[in-house]
Amino acid sequence: MKSRDLFADAQTLMPGGVSSPVRAIKPWPFYTARAEGSHISTIDGTTLIDCCMAYGPLLLGHAHPEIKKAIAVQLDKGWLYGTPTPYEPEFARLITGDHPGMDMVRFVSSGSEATMAAIRLARGFSGKSDIVKIEGGFHGAHDAVLVKAGSGATTMGVPDSAGVLPALVAHTRQLPYNDPEALEALLAKNADIAALIIEPVLGNIGPVVPQDGYLKAVREITKAYDVLLIFDEVITGYRLGIGGAQVKFGVRPDLTTLGKIIGGGLPIGAFSGKREIMSLVAPQGPVYQAGTFSGNPLSLAAGIATIRWLHNHPGTYADLAEKARIIDESLPSEKKATGSFVRIGSMFKYFFRKDAPQNYTDVKECDTAVFTRFWQKMLDRGVFLPPSQFETNFLSVAHTPQDLEIIAGGYIA
């Protein structure tokens with residue numbers, strides 16, 4: 001059965017035929033049969049260079065042998081217990097050791113679950129009701145953060161999904177990225193704000209990178225107004241380096257959410273932060289959080305193997321950044337004159353907009369019709385990019401010089 005046939009069948013059984021909206025490629029998505037290294041192979045017999053990398057988790061590439069070995073070892077012991085396992089304190093010690101602002105960690109099953117719990121914890125700790133998010137920032141598909149972007153600094157949230165009650169998002173304010181003045185103006189007029197949640201690098205519409213000093217200004221302003229700072233590092237955690245964006249930019253948040261890479265490709269999430277805040281999480285404190293699959297031994301085994309591999313290969317992040325630089329510098333001058341190539345570490349994107357975007361409003365100015373044609377051209381060339389102008393491209397340890405040549409060639413052609 002081919003991808004087209006499978007999709008036709010899936011549409012009768014699943015909403016939109018997919019398990020996540022971003023996979024609903026038109027006119028139909030391809031179905032993957034297997035993957036290894038930097039390549040995925042479809043059931044239609046096509047092999048593609050993967051620059052999606054499952055939307056970020058696969059920093060070491062598909063089916064990395066050390067991660068595969070760690071999973072296999074745990075499989076022989078069982079894959080779900082409903083009890084604590086030795087992996088939990090081991091991994092917690094690894095993560096807190098890599099992040100100076102983290103004293104304690106709670107493992108959950110997804111990034112969305114992590115951000116949901118972090119927001120609840122911020123409200124429980126502060127006793128305040130409102131939160132602030134950045135326009136275009138994505139923090140999962142739960143009610144508090146499903147709010148339309150671009151509504152202005154002091155506008156109450158408007159639900160971005162049917163089924164979300166306006167009263168629930170009335171406590172969610174929005175601000176433009178790279179605008180510390182707007183943040184200070186908002187906090188000065190609102191005493192009931194518990195936390196600002198922010199992707200330090202906007203990954204779900206980008207990458208859109210912080211201007212010099214922006215994140216440090218955000219930290220100073222939130223501290224001055226007694227507002228907790230939550231870094232959503234589900235994408236940037238261990239993607240930009242050991243310690244993620246907070247180490248790279250020298251900013252210490254109060255709470256951090258992690259996911260993707262810390263599971264080595266298996267489902268995971270985590271929220272973490274200062275001991276005085278994390279101590280409020282049940283059963284130690286009154287902020288409730290629980291989950292049957294939290295701390296799943298397979299995910300933790302894969303995550304520990306991934307992070308230990310990164311610790312044992314200190315040149316990894318420089319090598320990854322060099323790969324993105326090679327693609328960037330291969331672009332002809334006319335491409336750079338009509339569009340903008342943005343990269344940070346192993347995250348990159350070509351925006352069909354002359355100047356690099358600084359916020360969500362800028363990103364929305366991109367020519368999405370041109371992007372769609374470009375995306376199809378790259379797929380025909382054998383390169384799979386995330387199928388949206390508003391998603392980051394990712395590189396991995398497994399991408400080879402030949403891969404980079406083919407990827408760069410698609411921008412030149």
Side-chain angles (χ1 to χ4, degrees), residues 1-7 10 17-18 20 22-65 68 203 206-207 239 265 319-332 334-336 338-343 345-352 366-413:
M1 186 175 285
K2 300 295 185 180
S3 291
R4 181 177 185 174
D5 303 317
L6 276 176
F7 186 58
V18 292
S20 183
V22 74
R23 302 175 193 172
I25 300 169
K26 302 299 183 184
W28 61 82
F30 62 81
Y31 283 66
T32 300
R34 61 176 290 113
E36 185 173 4
S38 61
H39 290 76
I40 52 179
S41 300
T42 75
I43 65 167
D44 308 304
T46 302
T47 298
L48 302 168
I49 299 169
D50 187 6
C51 288
C52 183
M53 287 286 131
Y55 294 90
L58 300 171
L59 185 68
L60 305 189
H62 292 281
H64 190 277
K68 189 187 301 185
R239 169 62 66 176
D319 291 344
L320 286 166
E322 175 64 10
K323 292 177 181 182
R325 186 198 66 80
I326 288 171
I327 298 172
D328 184 2
E329 296 191 358
S330 297
L331 266 64
E334 59 267 25
K335 285 286 185 181
K336 293 190 175 183
T338 57
S340 53
F341 190 94
V342 178
R343 59 184 169 93
S346 56
M347 301 166 63
F348 73 97
K349 191 75 175 185
Y350 183 82
F351 291 96
F352 287 88
C366 293
D367 192 329
T368 56
V370 174
F371 171 83
T372 299
R373 294 195 293 271
F374 167 74
W375 180 86
Q376 185 62 56
K377 182 188 75 171
M378 291 292 274
L379 192 67
D380 294 342
R381 185 180 175 83
V383 178
F384 174 48
L385 304 176
S388 171
Q389 174 71 93
F390 310 119
E391 292 280 356
T392 293
N393 303 327
F394 297 99
L395 294 171
S396 75
V397 168
H399 284 87
T400 66
Q402 183 181 9
D403 292 334
L404 302 180
E405 184 177 346
I406 294 171
I407 295 165
Y411 290 92
I412 296 170

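Just so it is clear, the model here is predicted, and its values are computed rather than measured.
- Going from atom OG of S38 over to atom CD1 of I407 covers 7.5 Å, rounded to the nearest 0.5 Å.
- Side-chain atoms of T392 come within 3.5 Å of backbone atoms of G206 as a donor-acceptor pair (strictly under, hydrogens ignored).
- In terms of heavy-atom proximity, F374 sits nearest to G410 at CE1-O, 4.0 Å.
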> So Y31 and K2, side-chain contact (heavy atoms from CB on, under 4.5 Å) or not? Walk me through it.
Replying inline: CA-CA 8 Å; Y31 283 66; K2 300 295 185 180; over 6 Å; no
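- Counting heavy-atom neighbours within 6.0 Å of Q376 CD, excluding the residue itself, gives a total above 12.
- Formation of a donor-acceptor pair under 3.5 Å by the Q389 side chain with backbone atoms of F352 is found in this model.
- Every residue two or more places apart in sequence or in another chain was checked for a side chain to side chain donor-acceptor pair (under 3.5 Å) with N393, and none qualifies.
- H39 has its side chain within reach of I49: a pair of non-hydrogen atoms, C-beta onward, lies under 4.5 Å apart.
- Taking the side chain as every heavy atom from C-beta outward, S330 and Y411 never approach each other to under 4.5 Å.
- Using a 4.5 Å heavy-atom threshold, the side chains of V22 and P386 count as separate.
- Taking NZ from K377 and CG from L379, the interatomic distance works out to 12.5 Å, rounded to the nearest 0.5 Å.
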>> Using side-chain contact (heavy atoms from CB on, under 4.5 Å), reason through R239 and L59 one step at a time and then give a plain yes or no.
In response: CA-CA 7 Å; R239 169 62 66 176; L59 185 68; 3.2 Å; yes
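- Summarising the local packing, CZ of R4 is surrounded by 12 or fewer heavy atoms from other residues, nucleotides or ligands at distances under 6.0 Å.
- By the 4.5 Å heavy-atom criterion applied to side chains, F390 and F351 are not counted as neighbours.
- Taking both residues in full, the closest heavy atoms of V383 and C51 are given as CG1-SG, 4.2 Å, listed atom of the first, atom of the second, then distance.
- You'll find the side chain of L395 reaches within 4.5 Å of the side chain of L404, heavy atoms only.
- Partners of F348 according to the ring pair (Phe, Tyr, Trp, His ring centres under 6.0 Å) rule, which considers only residues two or more places apart in sequence or in another chain, are F341.
- Considering only heavy atoms from C-beta on, V18 comes within 4.5 Å of F7 through its side chain.
- Evaluation of the side chain to side chain donor-acceptor pair (under 3.5 Å) rule for S396 yields H399 as partners, not counting sequence neighbours.
- To the nearest 0.5 Å, atom CZ of residue R343 and atom CG of residue L320 are 12.5 Å apart.
- Heavy-atom neighbours of E334 CD from other residues, nucleotides or ligands within 6.0 Å: above the threshold of 12.
- Evaluation of the side chain to side chain donor-acceptor pair (under 3.5 Å) rule for T400 yields D403 as partners, not counting sequence neighbours.
- With sequence neighbours excluded, the residues that form a salt bridge (Lys or Arg N to Asp or Glu O under 4.0 Å) with K336 are D328.
- Heavy-atom minimum distance, A33 versus I43: CB-CG2, 3.9 Å.
- Proximity of a side-chain donor or acceptor of K349 to a complementary backbone N or O of G203 within less than 3.5 Å is not detected.
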>> Determine whether L385 and Y350 satisfy the following criterion, side-chain contact (heavy atoms from CB on, under 4.5 Å), listing intermediate values before the conclusion.
In response: CA-CA 11 Å; L385 304 176; Y350 183 82; over 6 Å; no
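- For E322, the salt bridge (Lys or Arg N to Asp or Glu O under 4.0 Å) criterion is met by R325, not counting sequence neighbours.
- Shortest non-hydrogen contact noted between P387 and W375 is CA-NE1, 3.4 Å.
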>> side-chain contact (heavy atoms from CB on, under 4.5 Å) for I406 and Q402? Distances and angles first, verdict last.
In response: CA-CA 6 Å; I406 294 171; Q402 183 181 9; 4.3 Å; yes
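- Closest heavy-atom contact between G345 and A324: O-CB, 3.4 Å.
- Residues G17 and A10 come closest through the heavy atom pair O-CB, 3.4 Å.
- Separation of atoms CZ (F384) and OG1 (T32) is listed at 7.5 Å; rounding is to 0.5 Å.
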